Amino acid sequence: MADQEPTIDRQMRHAATMTLPDTVALVLQGGGALGSYQAGVIEGMLDEGIEIDWVAGISIGAINAAIVAGNPPERRVERLRAFWDKMTSSLPSFPIFPNDMVREFVHEWSAGMVLATGVPGFFTPRLVPPNFAAPGSAGALSYYDSAPLKATLDSLIDWDLVNDGPVRLSVGAVDVISGNFRYFDSTTERLDARHIMASGALPPGLPPVEIDGSLWWDGGLVSNTPLSHVLDNQRHAMLVFQVDLFSAATEAPRTIMDVMAREKEIRFSSRTRAVSDQVMKLRQEREVIRRLLAKLPANLQDDADVLALAAAAAEQPVNLVQLIYTANAWEGGSRDFEFSARTMHEHWHAGLASINQAMSNAQLVTENILTGKSAAFDLCPKRGLKRSGPELDC
């Protein structure tokens with residue numbers, strides 16, 4: 001990172017050895033400028049020697065995911081840095097100000113500059129506002145032009161490696177006409193920059209992306225986490241790292257900026273938590289079914305209904321490690337489009353610290369993997385990695 005980046009003492013890193021299952025998946029949520037937190041997590045996973053087999057993303061998570069899948073391990077951090085340095089190159093690394101009020105003012109000013117001038121290598125304001133553009137034209141469908149992003153992605157990603165390499169890539173998008181949500185997946189089709197841009201085409205800021213005659217918008221409009229896609233297509237025992245950029249729980253808002261921030265947190269994080277909770281609940285219910293079927297007498301084992309129920313309840317174990325970004329007091333409702341270098345560095349450092357803290361208690365997850373059980377784990381800011389559940393108090 002740049003010289004201004006906060007550093008983490010490499011001697012504090014844990015060389016914990018985690019027993020890994022057949023598949024390690026990385027699930028990356030959308031969240032705009034907050035995505036540099038995911039980049040820090042990715043760097044930390046590489047430092048810990050955790051090999052990624054499958055990476056799935058939505059919106060900014062799709063961009064980070066494509067950079068992972070489209071580069072060999074030794075180049076991933078370098079390419080992630082190149083992307084995030086470019087995204088934040090128009091706004092300097094401001095000094096750290098003495099109080100949250102001043103820092104929040106600078107934060108909002110930085111976000112205002114993004115609204116006015118765009119983000120280098122990502123999107124630029126349209127010369128003619130969409131209200132005055134010809135109906136049906138590309139210029140009438142968004143306030144910004146995302147064409148610069150294609151050149152950025154093509155310069156940082158080896159698309160042949162994405163499509164033919166060892167890391168599976170999945171990105172979610174929404175069909176503008178039908179409203180249907182789908183995943184573009186490197187195991188079923190050849191992906192390129194269009195698919196990544198489609199996953200991050202959030203209206204009305206960014207235009208829809210045309211792919212094979214259909215128009216696509218940001219997948220976060222329907223679901224901000226690709227976890228369900230990964231687990232619906234699970235074939236082996238799996239360890240999943242889910243990196244969320246919005247926290248479900250926080251303090252009550254005190255200002256209108258707090259209200260704006262809280263609205264986004266609830267809108268995006270509630271879906272993620274709902275999906276995670278539903279997935280684990282279903283797995284617990286299937287486990288009960290399997291235990292019950294094992295108790296049936298031998299003369300019922302071949303019954304057609306019993307066989308059908310056994311097939312429906314069959315599954316491979318999954319262990320889900322959830323890392324959630326905790327916003328600073330000065331980060332308001334503009335945090336997802338505040339692309340300053342200072343803030344990016346802090347987000348990256350926070351992601352690096354989170355995975356380091358999680359790995360300090362990797363044995364907790366390893367025990368579950370070795371016994372073939374399914375469970376979810378949350379990283380609590382003050383208590384480290386803990387097993388999820390109603391009694392969890394972070």
Side-chain angles (χ1 to χ4, degrees), residues 28-36 57-66 83-84 86-91 108 110-157 171-184 191-224 245-246 260 263-264 267-268 271 333-340:
L28 303 176
Q29 189 192 58
L34 298 171
S36 50
I58 300 285
S59 198
I60 197 66
I63 294 177
N64 286 329
F83 174 79
W84 284 101
K86 189 167 191 174
M87 295 301 101
T88 58
S89 60
S90 66
L91 292 172
E108 297 300 329
S110 299
M113 289 296 294
V114 168
L115 290 177
T117 63
V119 174
F122 197 161
F123 58 84
T124 56
R126 296 193 181 278
L127 295 177
V128 178
N131 310 69
F132 301 102
S137 67
L141 302 181
S142 66
Y143 289 101
Y144 300 92
D145 181 2
S146 61
L149 181 57
K150 182 180 186 304
T152 299
L153 294 175
D154 287 342
S155 70
L156 296 173
I157 297 168
V171 297
V174 179
D175 187 308
V176 175
I177 305 301
S178 69
N180 292 332
F181 179 80
R182 68 158 292 185
Y183 283 94
F184 298 109
L191 305 186
D192 55 42
R194 296 172 303 161
H195 301 88
I196 311 306
M197 294 172 68
S199 183
L202 184 64
L206 302 181
V209 176
E210 189 271 330
I211 301 175
D212 299 332
S214 297
L215 295 176
W216 299 90
W217 268 336
D218 191 306
L221 294 174
V222 173
S223 175
N224 205 36
L245 301 178
F246 294 95
M260 293 172 61
E263 183 273 334
K264 284 186 179 179
R267 177 157 38 111
F268 292 120
R271 296 177 188 171
S334 305
R335 71 183 67 159
D336 54 333
F337 58 92
E338 198 273 83
F339 283 85
S340 73

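All values reported here derive from a predicted model rather than from experimental measurement.
- Once rounded to the nearest 0.5 Å, the distance linking CG of Asp218 with CD1 of Ile60 reads 10.0 Å.
- Here the shortest heavy-atom pairing between Ser137 and Ala134 reads OG-O, 2.6 Å.
- Considering all non-hydrogen atoms of both residues, Gly30 and Ser59 come closest at CA-CB, 3.8 Å.
- Under a cut-off of 6.0 angstrom, the local environment of CZ in Phe337 is crowded, with over 12 non-hydrogen atoms contributed by other residues, nucleotides or ligands.
- A distance-only check finds no donor-acceptor pair linking the side chain of Tyr144 to the backbone of Thr117 [under 3.5 Å].
- Considering only residues two or more places apart in sequence or on other chains, Asp154 meets the salt bridge (charged side-chain N to carboxylate O under 4.0 Å, His left out) condition with Lys150.
- In terms of modelled atom types and a separation under 3.5 Å, the side chain of Ser199 and the main chain of Ala173 share no donor-acceptor contact.
- The nearest pair of heavy atoms linking Ala62 to Val171 is CB-CG1, 3.5 Å.
- Side-chain atoms of Arg126 come within 3.5 Å of backbone N or O of Ser142 as a donor-acceptor pair.
- In this structure, the side-chain contact (heavy atoms from CB on, under 4.5 Å) partners of Leu153, at least two apart in sequence or on a different chain, are Ile63, Leu149, Ile157, Trp159, Ala193, Ile196, Met197.
- Closest approach of Pro203 and Ala201 over heavy atoms only: CD-O, 3.2 Å.
- In this structure a side-chain-to-backbone donor-acceptor pair under 3.5 Å is missing from Asn64 to Leu28.
- In this structure, the side chain of Glu210 engages the main chain of Asp212 through a donor-acceptor pair within 3.5 Å.
- Side chains of Pro130 and Tyr143 form a contact here, defined as non-hydrogen atoms less than 4.5 Å apart.
- Under the side chain to side chain donor-acceptor pair (under 3.5 Å) criterion, Ser146 pairs with no residue at all, not counting sequence neighbours.
- Between Ile58 and Ser223 there is no side-chain heavy-atom pair separated by less than 4.5 Å.
- Checked against ring-ring contact (aromatic ring centres under 6.0 Å, His included), Trp217 has no partners two or more places apart in sequence or in another chain.
- Between Phe246 and Gly31 the shortest heavy-atom distance is CE1-CA, 3.8 Å.
- The structure places CZ of Arg182 at 9.0 Å from OG of Ser214, a figure rounded to the nearest 0.5 Å.
- With sequence neighbours excluded, no residue forms a ring-ring contact (aromatic ring centres under 6.0 Å, His included) with Phe122.
- Listed by chain and number, the residues in a side chain to side chain donor-acceptor pair (under 3.5 Å) with Asp145 amount to none (sequence neighbours excluded).
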Check against side-chain contact (heavy atoms from CB on, under 4.5 Å), Val114 and Leu91:
CA-CA 9 Å; Val114 168; Leu91 292 172; 4.0 Å; yes

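- Between Arg335 atom CZ and Leu34 atom CG the span is 7.0 Å, to the nearest 0.5 Å.
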Given the rule in the side-chain contact (heavy atoms from CB on, under 4.5 Å) test, do His195 and Ile211 qualify, once you have shown the distances and angles that lead to the verdict?
CA-CA 8 Å; His195 301 88; Ile211 301 175; 3.7 Å; yes

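- Here the shortest heavy-atom pairing between Trp216 and Ala198 reads CB-CB, 3.6 Å.
- Judged purely by atom type and a 3.5 angstrom limit, Thr152 uses its side chain to pair as donor or acceptor with the backbone of Gly121.
- Looking only at distances, no side-chain donor or acceptor of Thr88 sits under 3.5 Å from a matching main-chain atom of Ser340.
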